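First up is the structure itself, then whatever we jot down about it.
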Amino acid sequence: MQKKVACSFPDEVLEHVFSFIQSDKDRNAVSMVCKSWYEIERWCRRKIFIGNCYAVSPRMVIRRFPKVRSIELKGKPHFADFNLVPDGWGGYVLPWIAEMAGAYPWLEEIRLKRMVVTDECLELIAKSFKNFKVLVLFSCEGFSTDGLAAIAASCMNLRELDLRDSDVDDLGGHWLSHFPETYTSLVSLNSSCLGSDEVSLSALERLVGRCTNLRTLRLNRAVPLDKIANILGRAPQLVDFGTGTYGADLQSDVFSSLAGAFSSCKELRSLSGFWDVVPAYLPAIYPVCSRLTSLNLSYVTIQSPDLVKLLRHCPSLQRLLVLDYIEDSGLEALSSSCKELQELRVFPSDPFGEEPNVSLTEQGLVSVCLACPKLQSVLYFCRRMSNVALVTIAQNCPNLTRFRLCIIEPRTADFLTLEPLDVGFGAIVEHCKDLRRLSLSGLLTDRVFEYIGRYAKKLEMLSVAFAGESDLGLHHVLSGCESLRKLEIRDCPFGDKALLANAAKLETMRSLWMSSCAVSFGACKLLGQKMPRLNVEVIDESGPPDSRPDSCPVDKLYIYRSVAGPRFDMPPFVWTMEEDSALQLNTIGNPIGSEWEHNMKGIQGLRAQMPFVLYLAELSNTSQW
Amino acid sequence: MEKSYDDTNTEKSGLRLKDTELRLGLPGSESPEREEHDQNVLSLKSFVSGAKRGFSDALDGGGKWVFSGGSGGGSEGLFSPRRGGNNNGGNDLSGSDSGLGGPVLKDGVAPKPLVVQEKKSQVAAGNGNTAPASKAQVVGWPPIRSFRKNTMASHPPKNDNDDDNAEAKFGSGCLYVKVSMDGAPYLRKVDLKIYGGYKELSSALEKMFSCFTIGQCGSHGVSSRDVLSESRLIDLLHGSEYVLTYEDKDGDWMLVGDVPWEMFTNCCKRLRIMKSTEAIGLAPRAMEKCKTRT
């Protein structure tokens, strides 16, 4: 039942106009203009991004958007990457696939991150979606190459199969031979995470040979060096190539055919892989280096001089991932060779060693920041830092959008002044006005959070570890960072106050993770009770939290907004703080007249003010209209 | 006189009510005395009992937060009784009559924020710190993704100039293997490096899978037939419901416990807790391999 506005266009015209609007944010805005636009828009939305699979249920999505062709879902919290989320936590995609199998027969694309995918899911995908084209499983787990075989066998229109960093049970390379001989649509294949020593080379070569549109090919370690030339020879049109093993005894014929194969790849712009690299084989890639924009050497365990020799051939490089073997001297050389650099990631070769094994310090990063004006994204592991270095970085790279610094030893102070690094990070947030992502490390007081709250207005994701001194720190962030969507905190002395006082803020964010902090179980209960649109989940493997006094801190806490209510697939060590459970403050075991008890009672008057408009814009909520 | 939250809740967002408690004040805003307070190190840690791991380090061993510089004396005096680690000694964040809430430094002392005295000496010592030699590894730190850790651990870098420990470098971090149990809804992953031996591993696994009712590992004595076994895991065969098995580098499934611990951690690829009825076939093999090793 639609009211037509005075001079409205027919639905089809509006639909056509809307089809030019691709971004989710814009689409959400369009849907809020009026009821009829909402209706038209929802029928023609083809692409959905759901940043937290538990924020909404499959049914709700399907009800609102009946004609989706492409879906992206994220599951576990980011800290799951570092083993902080116990196995079995959740993130199962099967319920989604099962619902979509019936509702979206024309679904083409599924992109998942940190979700549990089983072979059953993959088989269901293969069976249900006749025009299936894209499957991206980023850091997923739970499936084997048998599931991949099902996809290969059935999906005749498959373009992209990307298993990036997933934990796959690799039962051998035979799954590749399940692609029928008539299948030629492959554009992108990333199987670099597969761990088996077996791979069906002939199937791979045949597949590569017949898929003439292949642009991205990232091989796994099982593919030996001497086979690369053959594979590349069948795919000279490749744009993005990941080698398998790149080491072997040096043989001149192998080398020359390798070099020949690379030089015939005129479109090649991105290289990765290089496991077990033998430096003598690196010059084989020199023919393509001048055009390379992206180079992932993060598994390359060779020393700085060899790295520098290679990098000097890459003046167009925009993205570099490398181990800290590059050292300060290598980064200095990088900064003079690669003026187009936009993204730099330096990983530690020996993160658990007590003493530094390489000469990589803050100087390396500073030299890159001074000389590469286009630098936007940094991930840097090192063992020392100073405020003056951070200030220099901030002043010279005001265009940074992502800055992640990991000083390996927690709470490491400025090595020059022995002060906290508050001022340094403060400079980062003050000067880099477009900063969207920040990870902190080193010795930090509440002051750094003051700066972040004051300056980091575009910050969307903040990662904090071993920092701060009191709830004020957390409060500064929650009250000041207007764009904050994801906050993850570990081992910080943040407790109940800031959390409860900023409860409303939590509904404007996707999620909050706090582990090894000082949030009490009572506060979690209170939050869960008072904020019905937040799921407050307590993770505790040592036993039920209500077997201890309410003032005891919880081990891990994950809070996220949701219109789907509490989930039901939790393992035994996760408890959701329900809104309808009677809030009995367990005062047994809490000191009488304790401050905690006082706070709990005071805060009971809290009423949530929900930012209604924002909410609707991001989550499907059909009952509102 | 306590301010109740409802008064202040009529403001546009719930944020205001914090005025009575946390005393926000960003520097430069509101009263000058507020500004000074901002610079104080608040410590709410002390009221939480049963403080958790990482942050009890900060309380107890790792570093005590004390003031340095500024008009130190007064502030330390004010703070030290509160540092007792006792509940609520410290933090008059309850709405006191001064309406200050917050980290009350009634004499308005404003020391320079920060540095931890003990940390100083640790940092000054360079990278190595004065922590005990066997530093307990913090879970998930440094933040390196499992994929990278596993990749680097399983194929350690070969350097020309190897130290003795070159091989062990990445491997010393952790060694996650999957543990499956027949009938359990999901896998677990355990880090073999954190266990000292079979006993620890077995009790950790027991705890982990107890919610799936693993059979009791009874304390049978070591029978004379099992002299080669280092642990009571072999005993599981003789009566309990489940046995612990592992897949080694050759892809063979073996009973856990038949090789020295070090050898086991090097060759174990994954673990499986299987019903002892299924494990019968393994026993002779394990014993065979044991015998050939004597």
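Letters A, B, ... are given to chains in the order of the sequence lines, protein chains preceding strands, and every chain is numbered from 1. All of these numbers come straight from a predicted model, not from anything done at the bench.
Side-chain atoms of A:Cys406 and B:Pro143, non-hydrogen and from C-beta on, do get closer than 4.5 Å to each other.
Both the backbone and the side chain of A:Ser298 come within contact range of chain B, each with at least one heavy atom under 4.5 Å from a heavy atom of that chain. Interface residue A:Phe347: only side-chain heavy atoms are found under 4.5 Å from chain B. Residue A:Tyr92 touches chain B through its side chain alone, counting heavy-atom pairs closer than 4.5 Å.
Expressed to the nearest 0.5 Å, how far CD1 of B:Ile144 lies from CG of A:Asp81 amounts to 12.0 Å. Atom-to-atom distance recorded for B:Ser180:OG and A:Asp87:CG is 11.5 Å, nearest 0.5 angstrom.
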Item to complete: Please report the C-alpha distance between B:Val138 and A:Phe466 in whole Å, then the side-chain angles of each, then the deciding distance to 0.1 Å, and finally whether the side-chain contact (heavy atoms from CB on, under 4.5 Å) criterion is met.
Response: CA-CA 11 Å; B:Val138 180; A:Phe466 306 102; 3.8 Å; yes
Discussion item. Show, in sequence, the C-alpha distance, side-chain angles and deciding distance for A:Phe352 and B:Lys193, and conclude whether the side-chain contact (heavy atoms from CB on, under 4.5 Å) test is met.
Written reply: CA-CA 13 Å; A:Phe352 305 111; B:Lys193 296 285 179 186; over 6 Å; no
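Listed for the B:Trp141 side chain is a donor-acceptor partner under 3.5 Å among the backbone atoms of A:Ile408. Side chain of A:Arg490 to main chain of B:Gly140: a donor-acceptor pair is present (N/O by atom type, distance under 3.5 Å, no hydrogens or angles).
For chain B, the option among A:Phe381, A:Phe79, A:Trp275 with the highest count of heavy-atom pairs below 4.5 Å is A:Phe381.
Applying the side chain to side chain contact (heavy atoms under 4.5 Å, CB included) rule to A:Pro279 yields the partners A:Ile302, A:Asp306; only residues at least two apart in sequence or on another chain are considered. Every side chain to side chain contact (heavy atoms under 4.5 Å, CB included) that A:Asp165 has, sequence neighbours left out, goes to A:Phe138, A:Ser139, B:Arg145, B:Phe147.
Nearest heavy-atom pair across A:Phe573 and B:Arg188 is CE2-NH1, 4.5 Å.
Ion pairing of B:Lys178 with A:Asp169 is absent here, as no side-chain N (NZ or NE/NH1/NH2) approaches a carboxylate O to less than 4.0 Å.
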